[in-house]
Amino acid sequence: MSEIPKAYEPQSVEEKWYQFWCAEGCFTADPARVSDQRPGYSIVIPPPNVTGMLHLGHVLNNTIQDILARKARMDGREVLWLPGTDHAGIATQVQVEKALKREEKKTKHDLGREAFLERVWAWKEKHGGIIIQQLKKLGCSCDWTRERFTMDEDYSRCVQKVFVDLYQKGLIYRGKRMVNWCPVSQTALSDEEVEMKPQKGFLWYFKVEVADAPAAPAAPVGSGEGTESDERDGKVTYGPMVEDGKTCLLIATTRPETIPGDTAVAVNPKDPRYAHLIGKHVIRPLPVENQARIPIVADEHIDIEFGTGVLKVTPAHDKADFDIGQRHQLPAVDVLNPDGTMNELAGADLKGLDRFEARKVAAAKLAEIGALVKEERYENNVGFSQRADVPIEPRLSEQWFLKYPGVTSARACVEQGGGDSGSVGGGDVGGKVVPLAGRMRFHPDRWAKVYDHWLSNIQDWCISRQLWWGHRIPVWTKTHADEDAARASVEALTQHGPAVVARVEGKTACAATAVGSVQESLVGGGWIQDPDVLDTWFSSWLWPFATMGWTGDPAVDAENPMLRAFYPTSDLVTGPDIIFFWVARMIMAGYEWMGDLPFRNVYFTGIIRDKQGRKMSKTLGNSPDPLDLIAKYGADALRFGVMRSAPLGQDVLFDEKDVELGRNFCNKLWNACRFRQLQGGEVEGEIDPALLGSDDQWILLRLDQAIREIDEAFADYKFNEVTATLYRFFWNEFCDWYLEAAKAAFQGDDPARKANVLAVIDFVLGHMLRVFHPFLPFITEELWHDLGYAEDLPEDQGGKTIMVAHWPKPFDEDFKVHYGLESTAEQLATAKYDLVTKGRNFRREFNIPANRKVAFALRPAGRLESHEADVIRLLLNAETLEVNPDYVPPKGTPSAHSPLGELYLPLEGLIDVEAEKARLTKELAKVAVEIQKVEQKLGNENFTSRAPAPILAEHHQRLTDWQARREQIKAALECLI
RNA sequence: GCGCGCUUAGCUCAGUGGUAGAGCACAUCCUUCACACGGAUGGGGUCGCAGGUUCAAGUCCUGCAGCGCGCACCA
């Protein structure tokens, strides 16, 4: 046993033990050790972006995973926490492009695809490990021998296999459709990557001439012949206008720059104002040099109430317009370049301008030609590219799409919340493995509804990205002179058997294959690989099994020891912001390729915000660097602080004070152990039941209670409740009362009693360090060894490391009987502490400094053992405590009542009769209020006749107690007169 | 528009129909030999509003308001 320094210094301790754990292979999972007696427990890490730096969201997320993993080890399970990183297509590519621009003033096109990718790999090798190193600082017990990267060779092979499989199943197809185009990243995005944001802009009203209007227009609804609008009930209605014998329509738009792309205007067929014009044509005003005639079509999509009831239809630049275009066979005229500038078809005035600049110019042009009628300020929702934070451009382009597989299973497996599903059957936390019949639970369960809603409305997934960094689509094409030639070249591929899936699309032969040798022969044969890469999430959704060596070959996979031992995984811990991106897709993939769900439980964390409730962001600068916090307070402190302020599923308002509290907690723990050590004596001696005082019994029963509460909270994933219990038990119960009470024995002259108290302290601390360990891995390991608790244990039960010490069990009946733990002792202790609190209160009431020793007197209600009285004296910080059944206090002596008797503080020379009178009178008033409350209830016939007996009895007891209290105060007041 | 969450002490939040809780902050006292990153004591709450169910509601139900989030979306 080495001596413990005065203040806890986390840095050296953390460094030392993390190295120890790694060197000893404590984090390494061995599937061969998994058995019925030693069930497997597994988590796959949500792979952070390889470009990432640790932020507080990671701290919360990974601390939870580490707590689960460490708890499972102590529960005797074989634990795999599988770490890794994600190649993060756009983010990483952008980062490297920026560096290239900054350092060499070059673009990726200057280098070319291959050379650029070499740069990205080089960058990844240099910077990609940062976040992994940071996770180690946090104490994460990941199996680093199994670290994976989504671009690892094996992993890429999985991605390709899955693609080919889906292609073969006909779920993947290529099509020219409207997609979300990011003009900055210059790639298509999935619907999930588009974020709707309200934007302030304008609604421009412009008129177009109907070229072939009927001679006698029907009277427009609303009266106004020839008027552009009519106000009725304060509402503006619109209709066709007649000016100089010409009929015009008024159209409202937020995007006048797309007018050159209009190929129709549309009205609702039920709209009487325009019915007579359907089938006619209008003159499109822009571009001025190409004012084409475009038809007026009728479409149900048009909202009669909105705007003027006339919609300009731009099939190439709006999803809804595209659909209208399809219904009416309208041509699509694309007036934009991929980078968001206007192209030639937009006309001479707009060509080359950025879309936002073009918007202003187009509006000005309309005004110039007299077509602009008015402009209104207008706020509407615009889709933004989540990554580049610019408005996305709906764009017609050729992309790869996926019809989601496994949707039915994915929907069915997640238990829908709202029922009476309590913690019973709550998966496999807390050591109990409850079969869930293939079902999965979300925590908190309200996310199940969100998940289900999304799954019931999903659209096909656009999986191709116009990037270079990522998994390149494993499809090769060869274009031939005619269809027959194409067919022949596809035929030739049958020599490869099922390894290649080939099709003919017109004159083009298409072949998808994941087999390297076939790929090589295709390239050799002049086939061209699709230039696009796959959406990053198309690789992430395979994470739970692709990381475990899945091959896609059923015979091989059935023999894979990792998959057998650790799939399905036990828990997934992630943020609700990726429930669609990742969680839902992993569930589908799990069913599709493993035939089983990928995890039993999903824990959704909250979002970390600053203390004002704002999201953490780089621009606000409100995001503290976790490594700074670790350096300042220690990793344990950070973990404890964050966990303590993170209730299940609620956002966390982060305050550095929380971490400070964590540090204080560690320091307190440190010093409590130091106190134990300074007492010397035998380590973990035998507890003699005969020598247990009421304080000893009390703390043992409190420990039992704490363990029960902690187990319950763990079963419900309520980690902040665990921390609350740890805090209360250790600080308020163990330190504030038990250790202070124990000092009476240490200062006394009974060595047997002293030794017994030491044994109790060791017992409690030994349990406490273990339940603390998942939250505070470093300090508990250090103290476990310093206090010598590891010494007599077998190596695999805590002898080597607290990591695998057995998780404490609540006491069973035999234990309680053996140690004579009973509620009367507990009540005695509670009564003592109650009495002490009242006695201490005298100091404040009568302005007696805390350091002044005073003499108390106690007139006991019954027998009080001398060692119990010693404890009271010590806790009161009393010079003496006179225990005297016949004690008669001097007049004016403050008194306090408790079940143990009357406590007096005779204040020699300081008697203040008035002050004590005032104090007692105040208290009497309080008591009177309580008595009134209870009497009122008990006087209520309804209550007394219907309330259950125990409740009634409790109320009667309450009344008796308060009444007794009232009599005592009255008696005390009598004495003052 | 649909859905979800939140509203309890100055702040951040627990709270399981039966005597309103914690941490921080605040006030007073104390460097007493584990800890000032500490100890002791205390003040502070019409539990968002309005109804309802119940002997009993912070807790269950209905409605409303405010805040936040998600989904959808009209140019």
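The structure displayed is predicted, hence computed values, not measured ones. A, B, ... follow the sequence lines: proteins, then strands. Residue 1 opens every chain.
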| Any idea which of B:rU19, B:rC73, B:rG23 is nearest the A:Arg644 side chain? | B:rG23
| query | Which whole-number value in Å describes the distance from A:Phe640 CZ to B:rC37 C1'? | reply | 14 Å
| Nearest to the side chain of A:Asp736, which nucleotide is it out of B:rA34, B:rG18, B:rG39? | B:rG39
| Looking across every strand, which nucleic acid part, if any, lies under 4.0 Å from A:Asn841 by heavy atom: base, sugar-phosphate, or nothing? | sugar-phosphate
| request: Indicate, yes or no, whether a donor-acceptor pair under 3.5 Å links the base of B:rC73 to the side chain of A:Asn381. | output: yes
| Do A:Gln936 and A:Gln932 have side-chain atoms, one donor and one acceptor, less than 3.5 Å apart? | no
| query | Are the aromatic rings of A:Phe943 and A:His955 close, with centres under 6.0 Å apart? | reply | yes
| remark: In whole angstroms, the gap separating P of B:rC73 from CE of A:Met196 amounts to 7 Å
| field | Criterion ring pair (Phe, Tyr, Trp, His ring centres under 6.0 Å) against A:His443, the qualifying member of A:Phe714, A:Tyr717, A:Tyr603, A:Phe604 | value | A:Tyr717
| field | Residue A:Arg844, side-chain atoms from C-beta onward, closest of B:rG42, B:rG23, B:rC71 | value | B:rG42
| query | Across the strands shown, which category fits A:Lys926 at heavy-atom distances under 4.0 angstrom: base, sugar-phosphate, nothing? | reply | sugar-phosphate
| task | Taking only the side-chain heavy atoms of A:Tyr378 (C-beta and beyond), determine which of B:rA75, B:rC55, B:rA34 contains the nearest atom. | result | B:rA75
| request: Take A:Lys933 and A:Lys922, find for each the nucleotide of RNA chain B with the closest heavy atom, and name the residue whose nucleotide sits nearer the 5' end. | output: A:Lys933
| request: For A:Cys735, answer base if it contacts any base atom (sugar-phosphate contacts may also be present), sugar-phosphate if it contacts only those atoms, and nothing otherwise; contact means non-hydrogen atoms under 4.0 Å. | output: base
| note | Of the candidates B:rU19, B:rC55, B:rG18, the side chain of A:Arg958 sits closest to B:rU19
| message | Taking the P atom in each of B:rA14 and B:rC6, what is the distance between them to the nearest angstrom? | response | 8 Å
| Reckon A:Ala672 touches a base, only the sugar-phosphate, or nothing at all at heavy-atom distances under 4.0 Å? | base
| Ring centers of A:Phe665, A:Phe640 separated by less than 6.0 Å | yes
| A:Pro948 near the nucleic acid: base, sugar-phosphate alone, or nothing, with a heavy-atom cut-off under 4.0 Å? | base
| field | Distance, P atom - from B:rG17 to B:rA57, rounded to whole angstrom | value | 14 Å
| B:rU59 and B:rC2, which share atom name P, separated by this distance in whole Å | 26 Å
| query | Nearest of B:rA27, B:rG23, B:rC37 to any side-chain atom of A:Leu661? | reply | B:rG23
| message | Measuring only the C1' atom in each nucleotide, how far is B:rU7 from B:rU12? A whole number of Å is fine. | response | 14 Å
| query | Reckon A:Asn380 touches a base, only the sugar-phosphate, or nothing at all at heavy-atom distances under 4.0 Å? | reply | sugar-phosphate
| Touch class at under 4.0 angstrom, heavy-atom based, for A:Arg840 against every strand present | sugar-phosphate
| Under the 3.5 Å rule, do the base of B:rC35 and the side chain of A:Lys668 count as making a donor-acceptor pair? | yes
| Does a donor on one side chain and an acceptor on the other come within less than 3.5 Å for A:Asp323 and A:His301? | no
| message | Can you identify which nucleotide, out of B:rU32, B:rC55, B:rA75, has its nearest atom closest to the A:Asn877 side chain? | response | B:rU32
| query | Would A:Phe202 and A:Trp204 count as a close aromatic pair, with their ring centres under 6.0 Å? | reply | yes
| task | Could you tell me the separation between the CD atom of A:Glu923 and the C1' atom of B:rU41, rounded to a whole number of Å? | result | 14 Å
| query | When the C1' atoms of B:rC4 and B:rU19 are considered, how many whole Å apart are they? | reply | 35 Å
| message | Given 3.5 Å as the limit, does a donor-acceptor pair link the side chain of A:Arg843 with the main chain of A:Arg852, or not? | response | yes
| request: For A:Lys838, answer base if it contacts any base atom (sugar-phosphate contacts may also be present), sugar-phosphate if it contacts only those atoms, and nothing otherwise; contact means non-hydrogen atoms under 4.0 Å. | output: nothing
| request: Using only side-chain N and O atoms of A:Lys449, determine if any of them is under 4.0 Å from OP1 or OP2 of B:rC4. | output: yes
| Distance test, side-chain N/O of A:Lys937 to OP1/OP2 of B:rU19, below 4.0 Å | no
| message | With no hydrogens and no angle check, just 3.5 Å: does a side-chain donor-acceptor pair link A:Glu656 and A:Tyr633? | response | yes
| message | So, using side-chain contact (heavy atoms from CB on, under 4.5 Å) as the criterion, who are the partners of A:Phe580 when residues are at least two apart? | response | A:Glu192, A:Val450, A:Trp454
| Would one find a side-chain N or O of A:Lys6 under 4.0 angstrom from OP1 or OP2 of B:rC35? | yes
| note | Here the distance between atom P of B:rA56 and atom CD1 of A:Ile951, to the nearest Å, is 14 Å
| said: Taking B:rC47 as the reference, what is the distance to B:rC60 when you measure between their C1' atoms (whole Å, please)? | reply: 16 Å
| query | Contact class for A:Trp204 (heavy atom, under 4.0 Å): base, sugar-phosphate, or nothing? | reply | nothing
| request: Any chance you could encode RNA chain B as dot-bracket? Rule is Watson-Crick or G-U wobble with both distances under 3.5 Å; [ ] for pairs crossing earlier ones, | for another strand. | output: ((((((((.[[[[.)..(..]]]].(((((.......))))).....[[[[[..)....]]]]])))))))....
| Would you say B:rG38 has OP1 or OP2 under 4.0 Å from some side-chain N or O of A:Trp731? | no
| note | Atom CD of A:Gln459 and atom P of B:rC71 are separated, to the nearest Å, by 14 Å
| message | Within the supplied structure, the quantity of interest is the number of heavy atoms (other residues, nucleotides, ligands) at a distance under 6.0 Å from A:Glu376 CD; does it exceed 12? | response | yes
| Any idea which of B:rC55, B:rA75, B:rA34 is nearest the A:Phe675 side chain? | B:rA34
| field | Distance in angstrom units between A:Lys853 NZ and B:rA40 P, rounded | value | 15 Å
| Is the number of heavy atoms from other residues, nucleotides or ligands within 6.0 Å of NZ (A:Lys319) greater than 12? | yes
| Protein-to-nucleotide contact annotation, 5' to 3' order, nucleotides 7-17 of chain B [B base; S sugar-phosphate only; - none; under 4.0 Å, heavy atom] | -----SSSS--
| Between A:Thr830 and A:Lys832, is any side-chain donor less than 3.5 angstrom from a side-chain acceptor? | no
| task | From the options B:rC69, B:rA34, B:rC35, select the nucleotide whose nearest atom is closest to the side chain of A:Arg609. | result | B:rC69
| Donor/acceptor link under 3.5 angstrom from A:Glu740 side chain onto base of B:rA34 | yes
| query | Within 45° of the ring axis of A:Tyr727 and under 6.0 Å from its six-membered ring centre, is that where the NZ or CZ of A:Arg644 lies? | reply | yes
| message | So A:Ile302, base contact, sugar-phosphate only, or nothing? Heavy-atom distance under 4.0 Å. | response | base
| Got a salt bridge between A:Lys926 and A:Glu930, using NZ or NE/NH1/NH2 to carboxylate O under 4.0 Å? | no
| message | Would you measure the distance from the P atom in B:rU16 across to the matching atom in B:rC11 and give it in whole Å? | response | 22 Å
| message | I'd like the C1' distance from B:rA25 over to B:rC13, given in whole Å. | response | 14 Å
| request: Looking only at side-chain atoms of A:Asn664, point me to the closest of B:rC37, B:rC71, B:rC69. | output: B:rC37
